[in-house]
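First comes the structure, then the notes that go with it.
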Amino acid sequence: MSAPRERVARAFRRGLPSYHAEARVQAESAERLAELLAADGAGPRLERVFEFGCGTGLLTRALLSRFEIGTFHANDLVAEAAVLLPPGPRQGFLAGPIEELSLDGRYDLIASGATIQWIADPRALLARLAAHLAPGGRLLLGGFGRGHFAEVAALGAPAPLFYANPDEWPDLLPPGLELRMVERRRSVMGFDDLPQLLRHLRATGVTGNARARWGRAELRAAEADWRARHALADGRLGLSYDCVHLVARRDGDIGPSHRIR
């Protein structure tokens, strides 16, 4: 499922000032993605890099800290994200939906963290992106498994976006891309009450799929239900992050693959 683009853009534009401070799990995920890319033998120099859904630049900075990059093109749905990027990627910034963006040439790396879930047709996008990888070029993706925000789904929230577990990814990648590494990392954040949890979601811009508007009575009932079902050992409300990281490589001088679960 895909949330309407305008609502997603509005939510992320509103969350830009607070995203960097609140997106702790996403920051850890970005560092892990860069680590996996290095472990697969990429670099130390990458001539051409394209990142879509760059947001405030968590993955951008993680890549720049590990690799020497010649040309770095960055993209985000929200044009205002450009000013938050380091100088190089800011110069090569392209605004707009990745599905409609015109890409130029081929890249040694196409990367994205915590964006693929917002894409209406991930399979079609991945096929188009693969055509813009140079031989031996890599696709680096961070997404979410089906256990992501499970507590939200249990309260009857909108249907989830595109979530896929590690064992589903081989069938999602287009021909010509070999899955080199895939892993799943789960973590649970704790919140004192439901308003604090909802502020966290809003601050990270992930309410672009939300439709519900709770009054005070509904909020109290939802919090009681959440606490009854998903209280942590310390009594706080739990919110599950189910992160999936993967590295794929375009055909051409491909060595043995590695799979991490």
Side-chain angles (χ1 to χ4, degrees), residues 26 28-54 58-60 62-75 98-99 101 103-148 161-186 242-261:
Q26 292 89 334
E28 292 172 3
S29 178
E31 292 294 337
R32 180 59 178 163
L33 284 169
E35 182 182 342
L36 289 179
L37 184 63
D40 192 49
R45 180 175 173 83
L46 301 169
E47 292 298 335
R48 299 192 82 223
V49 171
F50 174 69
E51 180 190 357
F52 67 94
C54 63
L58 293 175
L59 180 56
T60 313
L63 292 172
L64 287 170
S65 70
R66 281 186 175 263
F67 302 95
E68 180 186 350
I69 297 176
T71 301
F72 198 138
H73 291 147
N75 151 264
I98 178 59
E99 303 96 319
L101 210 64
L103 299 181
D104 178 25
R106 293 190 171 184
Y107 294 90
D108 298 309
L109 173 67
I110 295 178
S112 182
T115 297
I116 191 69
Q117 71 272 14
W118 297 102
I119 304 302
D121 189 348
R123 198 185 298 270
L125 175 64
L126 293 170
R128 190 166 75 88
L129 293 176
H132 286 278
L133 281 173
R138 289 170 172 85
L139 176 69
L140 179 69
L141 286 180
F144 297 103
R146 294 185 180 274
H148 187 60
L161 304 174
F162 170 70
Y163 298 153
N165 292 338
D167 60 358
E168 297 176 83
W169 273 101
D171 293 331
L172 290 166
L173 295 176
L177 283 189
E178 181 194 16
L179 185 60
R180 302 275 291 176
M181 296 183 174
V182 61
E183 69 171 16
R184 188 178 197 170
R185 290 195 165 198
R186 298 182 180 92
D242 185 7
C243 298
V244 175
H245 307 128
L246 67 95
V247 182
R249 190 174 177 186
R250 179 171 169 154
D251 285 344
D253 191 26
I254 298 177
S257 64
H258 317 280
R259 298 226 173 155
I260 305 173
R261 295 283 172 156

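Positions are given from 1, in the same order as the sequence printed here. Computed from a predicted structure; not experimentally measured.
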Which atom names give the shortest non-hydrogen contact between [X] and [Y], and what distance separates them?
{"X": "R250", "Y": "A134", "result": "CD-O, 3.6 Å"}
{"X": "I116", "Y": "G143", "result": "CG2-CA, 3.9 Å"}
{"X": "G145", "Y": "V244", "result": "N-CG2, 3.5 Å"}
{"X": "A248", "Y": "L173", "result": "CB-CD1, 3.9 Å"}
{"X": "A34", "Y": "A62", "result": "CB-O, 3.7 Å"}
{"X": "C54", "Y": "A74", "result": "SG-CB, 4.1 Å"}

To the nearest 0.5 Å, how far apart are [atom1] in [X] and [atom2] in [Y]?
{"X": "L177", "Y": "L172", "atom1": "CG", "atom2": "CG", "answer": "11.5 Å"}
{"X": "N75", "Y": "E51", "atom1": "CG", "atom2": "CD", "answer": "8.5 Å"}
{"X": "L139", "Y": "L246", "atom1": "CG", "atom2": "CG", "answer": "6.5 Å"}
{"X": "L125", "Y": "S112", "atom1": "CG", "atom2": "OG", "answer": "8.5 Å"}

[X] (side chain) donor-acceptor with [Y] (main chain) under 3.5 angstrom:
{"X": "H148", "Y": "D242", "value": "yes"}
{"X": "D108", "Y": "E47", "value": "yes"}
{"X": "R66", "Y": "L37", "value": "no"}
{"X": "T71", "Y": "R48", "value": "no"}

(request) Could you list all the salt bridge (Lys or Arg N to Asp or Glu O under 4.0 Å) pairs where at least one residue sits in residues 110-135, not counting sequence neighbours? (result)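 Not a single pair qualifies under salt bridge (Lys or Arg N to Asp or Glu O under 4.0 Å).
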
Applying side chain to side chain donor-acceptor pair (under 3.5 Å), name anything that partners [X], two or more places apart in sequence or on another chain.
{"X": "N165", "result": "R184"}
{"X": "H132", "result": "none"}
{"X": "E35", "result": "R32"}
{"X": "R185", "result": "E183"}

Would you say [X] and [Y] make side-chain contact, with heavy atoms under 4.5 Å?
{"X": "L126", "Y": "W169", "result": "yes"}
{"X": "F67", "Y": "L109", "result": "no"}
{"X": "L46", "Y": "L63", "result": "no"}

(message) Do the side chains of R249 and D40 get close enough for a salt bridge, i.e. N-O under 4.0 angstrom?
(response)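 Answer for the salt bridge query: no.
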
(request) Start with the C-alpha distance between L103 and L129, add both sets of side-chain angles, then the distance that settles side chain to side chain contact (heavy atoms under 4.5 Å, CB included), and finish with yes or no. (result) CA-CA 9 Å; L103 299 181; L129 293 176; 3.8 Å; yes

(request) May I ask you to decide if the ring planes of F144 and Y163 are parallel, tilted or perpendicular, using 30° and 60° as cut-offs? (result)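 Geometry flag for Y163 against F144: perpendicular rings.
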
(request) Using the test salt bridge (charged side-chain N to carboxylate O under 4.0 Å, His left out), find all partners of E28 that sit at least two apart in sequence or belong to another chain. (result)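 E28 satisfies salt bridge (charged side-chain N to carboxylate O under 4.0 Å, His left out) with no other residue.
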
(request) Give the C-alpha distance, both sets of side-chain angles, the deciding distance and a yes or no for side chain to side chain contact (heavy atoms under 4.5 Å, CB included) between F50 and D104. (result) CA-CA 10 Å; F50 174 69; D104 178 25; over 6 Å; no

(message) Against L59, only a single residue in L64, L33, T115 fulfils side-chain contact (heavy atoms from CB on, under 4.5 Å); can you say which?
(response)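 The single option meeting the side-chain contact (heavy atoms from CB on, under 4.5 Å) with L59 is L33.
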
